[in-house]
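Some notes on the structure that comes next.
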Amino acid sequence: MAEAHQAVAFQFTVTPDGIDLRLSHEALRQIYLSGLHSWKKKFIRFKNGIITGVYPASPSSWLIVVVGVMTTMYAKIDPSLGIIAKINRTLETTDCMSSQTKNVVSGMLFGTGLWVALIVTMRYSLKVLLSYHGWMFTEHGKMSRATKIWMGMVKIFSGRKPMLYSFQTSLPRLPVPAVKDTVNRYLESVRPLMKEEDFKRMTALAQDFAVSLGPRLQWYLKLKSWWATNYDLLYVLPTHIQAARAGNTVHAILLYRRKLDREEIKPIRLLGSTIPLCSAQWERMFNTSRIPGEETDTIQHMRDSKHIVVYHRGRYFKVWLYHDGRLLKPREMEQQMQRILDNTSEPQPGEARLAALTAGDRVPWARCRQAYFGRGKNKQSLDAVEKAAFFVTLDETEQGYRTEDPDTSMDSYAKSLLHGQCYDRWFDKSFTFVVFKNGKIGINAEHSWADAPIMAHLWEYVMSTDSLQLGYAEDGHCKGDTNPNIPYPTRLQWDIPGECQEVIETSLNTANLLANDVDFHSFPFVAFGKGIIKKCRTSPDAFVQLALQLAHYKDMGKFCLTYEASMTRLFREGRTETVRSCTAESCDFVQAMVDPAQTVEQRLKLFKVASEKHQHMYRLAMTGSGIDRHLFCLYVVSKYLAVESPFLKEVLSEPWRLSTSQTPQQQVELFDLENNPEYVSSGGGFGPVADDGYGVSYILVGENLINFHISSKFSCPETVRMKRSSFSRRWGIFTLFFLREHIFNLTEKFNSTACFYLVWAFSHKWTSFLNVVFLFGDTVLLCRPGWSAGARSWLTATSVSWVQVILLP
C-alpha cells in the first residue's frame with residue numbers, strides 16, 4: 001500500500017489531545033509539479049492559439065504596423081484618411097487622457113484595426129487562391145506560366161513557418177456540385193455494369209430526379225452548407241522483451257502527442273509544399289472515445305489526459321504518464337509495464353470480457369452503459385478508460401512475420417490486430433496500442449474520428465523514434481534507469497452484476513460470429529514497384545487499379561461496382577470521396593486483355609485511355625466533384641424532408657463488391673529505405689464491404705515494393721480460398737517468364753509498352769491470389785466485430801463502423 005499512501009497529500013487523526021496532522025511532502029511536491037506542468041501546457045496552447053489566430057500574419061507584425069502608423073503621424077502625414085481624427089474626437093468626450101495620450105491611443109487603435117483588416121484580406125485572398133484546382137488537371141511535368149504565378153501568390157499569402165492548424169481558416173468549404181453534373185457522372189459510372197434495359201430504367205429515374213426532386217433537395221443542401229462543416233516494420237524486431245518494447249513505443253507515442261499539443265507537427269502540403277491539406281482530424285487523435293447511444297453515437301474528446309489504461313490477462317490498470325512534472329522516461333515506462341506483467345491478481349467477475357461490449361451491437365452496449373456504469377466504482381473505472389490518452393493491450397500471444405512460415409504468420413498477425421479475442425481491445429477508444437508477448441506491436445484504430453493517413457502519420461513517427469532515435473540497450477531493455485519512487489499502476493475496480501455479464505456474453509458471441517467469418521491474408525509484392533511503373537510514365541495508382549479490374553474479371557467473369565477512397569482534405573474539414581474506378585474505359589481495356597484476337601498495340605492504346613480516365617476521376621473526387629458524397633447528402637436531406645426518391649434509394653442500395661484503397665507514405669524523410677530496406681511497413685487495409693465481395697488495400701513502399709491486403713468472408717462460396725502451394729507454383733514461374741521476356745528485354749528505356757506487360761503479369765498474380773482471398777501487408781482496415789450493418793454502409797471510407805488496424809514490428 002506504499003504507493004497508495006504516496007498519493008495522499010496529508011492525513012489527520014482526531015485524538016483527545018487535538019488533531020494530529022501529518023503532511024506528505026513528496027505528495028505535495030508531486031501536486032505542485034503536476035499543477036506547474038498543467039499551467040505550462042495551458043500557456044503553450046494560449047500562445048499557439050494567438051499565433052494561429054493571426055496567421056498568416058504574426059504577433060510581431062502588429063507592432064510593425066502600429067509603429068509605422070505612429071511614425072507617419074509624427075511626420076504630419078495622415079495615413080488614415082481622417083479616421084484617426086474621428087477617433088480622437090470621440091476620445092475627447094473623456095477627461096481622463098491628455099491630448100498627447102489621445103493621439104497615441106487613436107494611432108494605436110487605427111493601427112490595430114488596419115492590422116486586423118490586413119489579416120482578414122490575406123486570409124480571404126489565400127482562400128480564393130486555394131479554391132482554384134486547375135493545377136491538378138495539368139499534364140504531369142508540364143506547368144503553365146499562369147499556374148507558376150498562382151503558386152507564387154499562394155506562397156506569398158501563406159506566410160512563414162505555419163503551424164499545424166494555421167491554414168484551417170483559409171481552406172475553402174467543400175463545394176456542392178450541380179445535380180445534373182452528379183447525375184450524369186453517376187450514369188456514366190454504372191453504364192458498363194448494367195444491361196441495356198436496366199440502364200434505360202435507371203436513366204429515366206435519374207433524369208426525373210434531376211428535374212423534379214433534385215433541385216429542391218439541392219437548395220436545402222446549399223443553404224445548410226453555409227453554416228455546417230463539410231459533408232510494423234515488417235522485418236525488424238529490435239527487442240523480444242514485451243515490457244521494453246511497450247516502454248519505448250508508448251514513450252514515442254507520447255512524444256508525438258506533445259508535438260501535437262504544441263502544434264509543432266508541420267501541416268501536410270502538396271505541390272512542392274505549397275497547397276495545404278486540412279489538419280482538423282489530428283485534434284481528436286488522443287484523449288478520445290466513442291460513446292454509444294441508442295439513436296446515435298457521439299465522440300467524447302478530453303482536452304488533456306494524464307494517464308493510459310492497460311489491459312493484461314483480463315485485468316485493467318491505470319498508469320500515470322507523468323512523474324516529477326515530466327513524462328515518464330522509456331525505462332520508467334518499461335518498469336510500469338513489467339509491474340503489470342508481474343501482477344498475479346485474478347480478474348473480477350465480468351471484468352475479463354468487459355470490452356466485448358464495444359465489439360458487439362451498439363444498442364445493448366448503450367443501454368448497459370446507462371444501467372450499470374452510471375455511478376459508483378463502475379462509473380469511475382469506465383471514466384478512466386474513456387478519458388485515457390489511449391488504450392494499451394499487453395497481448396499474451398506471439399505474433400509477427402516468420403520467414404519459415406510467412407503466409408500463416410502474417411494471417412494470424414493481421415487477424416489478431418483486427419479483433420484479437422473480441423474482448424481484449426477497447427474498440428471505442430480512438431486507438432488501441434497492442435504489444436505482443438514477443439515484442440511485436442500494432443495498432444487497432446476506431447475510424448469515425450479520422451481516416452487512415454492520420455494514424456499512418458503517427459505510426460511513421462513511432463517507428464522512426466522507437467528504432468532510430470530511442471533505441472535499446474544491449475540486453476534488450478530500454479535505455480536509462482528504473483525509478484522505484486514511481487507509484488505502481490492502479491487496478492481498476494468493477495462491480496458487474498449478473499445481468500450485465502449476460503449482455504457481455506451476448507455481445508461476445510455476436511462479435512465472434514463476425515470475426516470468425518473474416519478471411520484475411522497479407523504479403524509483399526517484390527517483383528517490381530512504383531519505380532518501374534513511373535518510368536513507364538503511368539500513375540502507379542492507376543496501374544494497380546487497372547490490374548485489379550483485370551484480375552477481378554478473370555476471377556469472377558464479370559465487372560462490379562468498385563470503390564476507391566480519395567481524400568477531400570483540400571477543403572476545410574474534408575474527409576473522403578469515392579472514385580468509381582470501374583469505368584467504361586477500364587472495361588474496354590480488360591476485355592481487350594482477355595480477347596486473343598486483340599493486338600498488343602490495341603491493348604496498349606486502351607490501357608493509356610483507361611489510365612488517363614482513372615486519373616481524371618481521381619482528380620474530380622479530390623476537388624469536390626465526386627458522385628457519392630453529394631448523392632448521400634441529398635438522400636439525408638430527403639429523409640429530413642420526409643420525401644421518397646426511388647433514384648436515391650436504388651443508388652444507395654448498390655453493393656460495393658470490390659472496395660479498394662491506397663495508404664500513402666507521408667514522412668519519407670524519416671527512413672532511408674535504400675540503406676535500411678528492412679524498415680518497411682505494410683500500410684493499411686480493410687474488410688469486405690459486401691458479403692460476397694473483396695476488400696483490397698495496398699501501399700507503395702519505396703521504389704521496389706508494393707504491400708497488399710485482401711479480405712473476404714468464409715461464408716461466401718464465390719470468394720473461397722484455394723491452396724497456396726498451387727498459387728505459389730503458378731505465380732513463381734509466370735512472373736519470371738514475363739519479367740524476362742517482356743520487360744527487361746523490351747527496351748533499355750522503360751515505356752508504356754513495358755507498363756502494359758507489367759499489368760498483364762501483375763493481374764495474373766492477382767487472379768490466382770483473389771482465389772486465395774487475401775493480399776499482403778502489415779496494416780488492416782476491417783469491420784469492427786458486431787457492426788456488420790455499418791460495415792456494409794454505402795459510405796464506405798467514412799463509415800464510422802470501421803476500425804483501422806496497423807500491424808508493425
Side-chain angles (χ1 to χ4, degrees), residues 41-42 44-53 55 130 158 161-172 174 229-230 249-250 252-270 273 275-290 299-305 308 321 387-391 429-433 443-465 565 567-576 663-670 683-684 779 781 797-798 800 802-804 806:
K41 292 189 73 171
K42 289 180 180 179
I44 291 174
R45 285 173 177 163
F46 176 74
K47 182 193 71 173
N48 291 341
I50 293 177
I51 295 174
T52 301
Y55 198 83
L130 294 177
S158 292
K161 297 181 179 180
M163 303 181 75
L164 180 61
Y165 304 119
S166 294
F167 292 106
Q168 289 303 104
T169 56
S170 299
L171 291 173
L174 190 65
T229 56
N230 295 328
T249 47
V250 167
I253 293 173
L254 294 173
L255 290 179
Y256 185 92
R257 187 179 75 153
R258 185 166 67 184
K259 289 172 67 72
L260 184 61
D261 286 341
R262 297 177 177 179
E263 298 187 34
E264 294 174 352
I265 297 172
K266 296 180 180 179
I268 306 297
R269 291 197 275 183
L270 307 179
S273 298
I275 311 302
L277 299 182
C278 179
S279 302
Q281 295 180 47
W282 265 275
E283 295 177 358
R284 295 171 292 186
M285 178 177 288
F286 296 98
N287 327 323
T288 299
S289 263
R290 183 183 179 122
I299 297 295
Q300 172 185 279
H301 174 69
M302 308 302 297
R303 191 161 184 83
D304 192 17
S305 178
I308 57 174
L321 302 175
K387 295 178 181 180
F390 53 93
F391 193 84
K429 286 300 291 181
S430 54
F431 65 90
T432 296
F433 178 56
I443 277 185
N444 173 300
E446 207 277 324
H447 199 5
S448 64
W449 63 272
D451 301 316
I454 309 303
M455 282 306 302
H457 194 275
L458 162 68
W459 206 241
E460 289 168 355
Y461 177 88
V462 171
M463 287 190 297
S464 172
T465 304
M567 66 91 177
T568 57
R569 286 167 54 208
L570 289 169
F571 305 95
R572 186 173 181 177
E573 299 188 23
R575 291 289 297 261
T576 61
T663 303
Q665 272 192 300
Q666 301 169 89
Q667 302 172 90
V668 293
E669 71 278 2
L670 296 180
T779 307
L781 271 176
T798 56
V800 295
W802 281 32
V803 291
Q804 175 188 3
I806 297 185

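- The distance from the OH atom of Tyr256 to the CZ atom of Phe286 is 7.0 Å, given to the nearest 0.5 Å.
- Here the side chains of Leu255 and Tyr461 are in contact, with some heavy-atom distance below 4.5 Å.
- Using a 4.5 Å heavy-atom cutoff, the side chains of Asp451 and Met567 are not in contact.
- Annotation for Ser305 and Leu321: closest pair O-CD1, 4.3 Å, computed over non-hydrogen atoms.
- Note: Leu458 CG to Leu260 CG = 9.5 Å, rounded to the nearest 0.5 Å.
- Closest non-hydrogen pair, Ser166 versus Met163, comes out as OG-N, 2.7 Å.
- Taking the side chain as every heavy atom from C-beta outward, Arg284 and Ser448 never approach each other to under 4.5 Å.
- The distance from the CZ atom of Arg572 to the CG atom of Leu174 is 13.0 Å, given to the nearest 0.5 Å.
- Taking 4.5 Å as the limit, some side-chain heavy atom of Phe390 sits within range of a side-chain heavy atom of Ile308.
- The shortest side-chain heavy-atom distance between His457 and Ile265 falls under the 4.5 Å cut-off.
- Side-chain contact between Ile275 and Leu130 is present, with heavy atoms from C-beta onward closer than 4.5 Å.
- Separating the OG atom in Ser279 from the NZ atom in Lys266 is a distance of 13.5 Å, to the nearest 0.5 Å.
- Taking both residues in full, the closest heavy atoms of His447 and Ala452 are given as CE1-N, 4.0 Å, listed atom of the first, atom of the second, then distance.
- Once rounded to the nearest 0.5 Å, the distance linking CE of Met285 with CZ of Arg257 reads 12.0 Å.
- Contact check for Gln168 versus Cys278: side-chain heavy atoms found under the 4.5 Å cut-off.
- In this structure, Pro267 and Pro162 approach most closely via the heavy-atom pair CD-O, 3.8 Å.
- Taking every heavy atom of both residues into account, Leu277 and Leu171 meet most closely at C-CD1, 4.2 Å.
- Between atom NZ of residue Lys429 and atom NZ of residue Lys387 there is a gap of 10.5 Å, rounded to the nearest 0.5 Å.
- The two residues Arg262 and Asn48 make their nearest non-hydrogen contact at O-ND2, 2.9 Å.
- Without hydrogens or angle criteria, Thr288 side chain to Ser430 main chain gives no donor-acceptor distance under 3.5 Å.
- Taking the six-membered ring where the residue is Trp, the centroids of His301 and Trp449 are separated by 6.0 Å or more.
- A heavy-atom distance below 4.5 Å is found between the side chains of Arg575 and Gln281.
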